[in-house]
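First comes the structure, then the notes that go with it.
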Amino acid sequence: MKYIKYIILCCFIYSCETNVDVNDLLDQEQLIVINGYLSPQDTILKVQVSKSLSRATKNITESDLVIKNASVAISNENGKKVTLKYSEKSKKYEILANQLPILSGKKYFLTVNAQGKKFNASCQIPSSTIKDINFKLINNTSNYFQKIKVQFDDIENIKNYYILNGYFIDKDGSPWRGLTFKTKKFTTDNNRDGTKISVIGDVIAQIDNNQYVLIEVFNTEKVLFDTLKATYLNNENNGNIFYEPIISPSNIEGENGYGVFAGYQLTRVKKPLL
């Protein structure tokens with residue numbers, strides 16, 4: 001889908017998929033890193049399979065780490081199974097989503113055979129999406145460094161893990177960064193079941209009456225939420241000698257397997273900011 005790469009790729013995932021600090025993680029052999037994220041809103045199902053990279057390693061490219069000859073398959077609760085094919089363009093294993101529809105509330109299973117080893121994982125797609133997202137400017141005193149307040153109703157009777165993104169939209173429809181929620185982009189409904197969730201972000205670009213804004217709210221499984229938050233915090237604190245890096249969780253089963261196979265739902269709204 002068109003905008004999913006901006007949260008998955010731009011914010012966190014290149015480092016999460018290929019740069020695992022083996023010394024900080026586990027004293028063991030090189031890891032096989034597997035990451036895949038499923039959503040009913042996807043048009044293409046994608047899984048990346050690669051080798052881990054120590055932070056001390058130099059002059060290594062993404063292409064050097066990607067495993068191109070793996071066997072990758074996803075199946076549903078009814079046993080329907082599809083095999084994903086490697087794409088040189090995306091450096092991921094892919095298949096059109098209509099070959100295995102991803103349905104709300106359902107479980108899916110991943111099987112990967114790579115470098116003589118077998119790996120398994122499962123995920124469950126969250127049952128619901130956010131129904132309505134509202135946003136408005138607050139502290140509207142200047143065209144620079146304003147605040148934006150985003151609100152939406154929490155999905156009731158279940159623990160939820162939300163991630164927010166915001167973009168300005170150019171005249172040609174291309175998104176670009178002009179909003180930031182920093183760590184507040186990661187929010188849960190802890191002790192707030194069914195209430196209104198509010199997140200305040202910063203507008204870091206000049207705006208005008210013709211400016212459109214895209215707000216996205218991802219409702220994710222906990223393992224995906226924890227992984228993306230850990231990677232975000234580690235990147236933000238890179239170089240801080242007083243910061244202790246967070247080791248991201250993994251739900252990949254198999255010898256020396258590491259990564260996340262998880263589900264999410266996406267709701268987005270696009271409208272003028274002013």
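Count residues from 1 along the sequence.
Here the side chain of D202 pairs no donor or acceptor atom with the backbone of I204 at under 3.5 angstrom. The closest donor-acceptor contact from the side chain of Q146 to the backbone of V203 lies at 3.5 Å or more, if one exists at all. Put simply, the side chain of Q124 gets close to the backbone of G105: a donor and an acceptor are under 3.5 Å apart. Judged by distance alone, the side chain of S50 and the main-chain N or O of V66 form no donor-acceptor pair under 3.5 Å. The backbone N or O of L31 lies less than 3.5 Å from no partner atom in the side chain of N256, so there is not a single donor-acceptor pair.
V213 and I169 get closest at one heavy-atom pair: C-CG1, 4.4 Å. Of all heavy-atom pairs spanning S128 and Q265, the tightest one is O-CG, 3.5 Å. The minimum heavy-atom distance between K185 and Y232, with the atom names listed, is CD-CE1, 4.4 Å. Of all heavy-atom pairs between I215 and G166, the closest is CD1-CA, 3.9 Å. In plain terms, the two heavy atoms of K270 and Y212 that are nearest each other are CE-CD2, 3.9 Å. Closest approach of F135 and K271 over heavy atoms only: CZ-CG, 3.3 Å.
Partners of F181 under the ring-ring contact (aromatic ring centres under 6.0 Å, His included) rule, at least two apart in sequence or in another chain, do not exist in this structure. Residues that satisfy the side chain to side chain contact (heavy atoms under 4.5 Å, CB included) test with N190, not counting sequence neighbours, are K159, T188. With sequence neighbours excluded, the residues satisfying side chain to side chain contact (heavy atoms under 4.5 Å, CB included) with I158 are I155, N160. For K196, the side chain to side chain donor-acceptor pair (under 3.5 Å) partners two or more places apart in sequence, or in a different chain, are D153. Under the side chain to side chain contact (heavy atoms under 4.5 Å, CB included) criterion, T267 pairs with T129, I130, I133, sequence neighbours left out. Partners of D226 under the salt bridge (charged side-chain N to carboxylate O under 4.0 Å, His left out) rule, at least two apart in sequence or in another chain, are K222. Among residues two or more places apart in sequence or in another chain, the side chain to side chain donor-acceptor pair (under 3.5 Å) test is passed with E88 by K68. Scanning for ring-ring contact (aromatic ring centres under 6.0 Å, His included) contacts around Y108 gives an empty result, with sequence neighbours left out. Every residue was checked against the ring-ring contact (aromatic ring centres under 6.0 Å, His included) condition with F261, not counting sequence neighbours, and none meets it. Applying the side chain to side chain contact (heavy atoms under 4.5 Å, CB included) rule to E253 yields the partners N120; only residues at least two apart in sequence or on another chain are considered. By the salt bridge (charged side-chain N to carboxylate O under 4.0 Å, His left out) test, D193 is found to be paired with no residue, residues two or more places apart in sequence or in another chain being considered.
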Next on the checklist: Pair S52, Q30 - check side-chain hydrogen bond (donor to acceptor under 3.5 Å, both in side chains), show working.
Outcome noted: CA-CA 6 Å; S52 61; Q30 186 176 60; 4.6 Å; no
Next on the checklist: Test side chain to side chain contact (heavy atoms under 4.5 Å, CB included) on T83 and I95; report intermediate values, then the result.
Outcome noted: CA-CA 8 Å; T83 299; I95 194 169; over 6 Å; no
Checklist entry - Would L164 and E216 satisfy side chain to side chain contact (heavy atoms under 4.5 Å, CB included), going step by step from the backbone distance to the final call? => result CA-CA 6 Å; L164 279 72; E216 299 176 325; over 6 Å; no
Checklist entry - Can you check side chain to side chain contact (heavy atoms under 4.5 Å, CB included) on T231 and S248, steps first, answer last? => result CA-CA 7 Å; T231 307; S248 300; 3.7 Å; yes
Item to check | Q41 vs R268, side chain to side chain contact (heavy atoms under 4.5 Å, CB included): CA-CA, chis, key distance, verdict | outcome: CA-CA 11 Å; Q41 293 79 40; R268 66 163 59 96; over 6 Å; no
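Dense packing is recorded around NZ of K184, with more than 12 heavy atoms of other residues, nucleotides or ligands lying under 6.0 Å away. Applying the 6.0 Å contact sphere to NZ of K107 captures no more than 12 heavy atoms from other residues, nucleotides or ligands.
Defined by atom type and a distance below 3.5 Å, a donor-acceptor pair is present between the side-chain atoms of N234 and Y243.
Between L100 and K80 there is a side-chain heavy-atom pair separated by less than 4.5 Å. When side chains are defined from C-beta on, S198 counts as touching Q151, because their heavy atoms get closer than 4.5 Å. Between T183 and L233 there is a side-chain heavy-atom pair separated by less than 4.5 Å.
Taking the six-membered ring where the residue is Trp, Y264 and F218 present tilted rings, their angle falling between 30° and 60°. Using bins of under 30°, 30° to 60° and over 60° for the plane-to-plane angle, the ring pair F225/Y161 lands in the tilted bin.
Note: the hydrophobic cluster containing V269 also contains Y162 (ILVMFWY, side chain heavy atoms under 4.5 Å, direct or indirect links). Residues V82 and I102 share a single hydrophobic cluster, defined by chaining ILVMFWY side chains whose heavy atoms lie under 4.5 Å apart.
Listed by first then second residue, pairs satisfying ring-ring contact (aromatic ring centres under 6.0 Å, His included) with a partner in residues 70-89 read Y86-Y93, not counting sequence neighbours.
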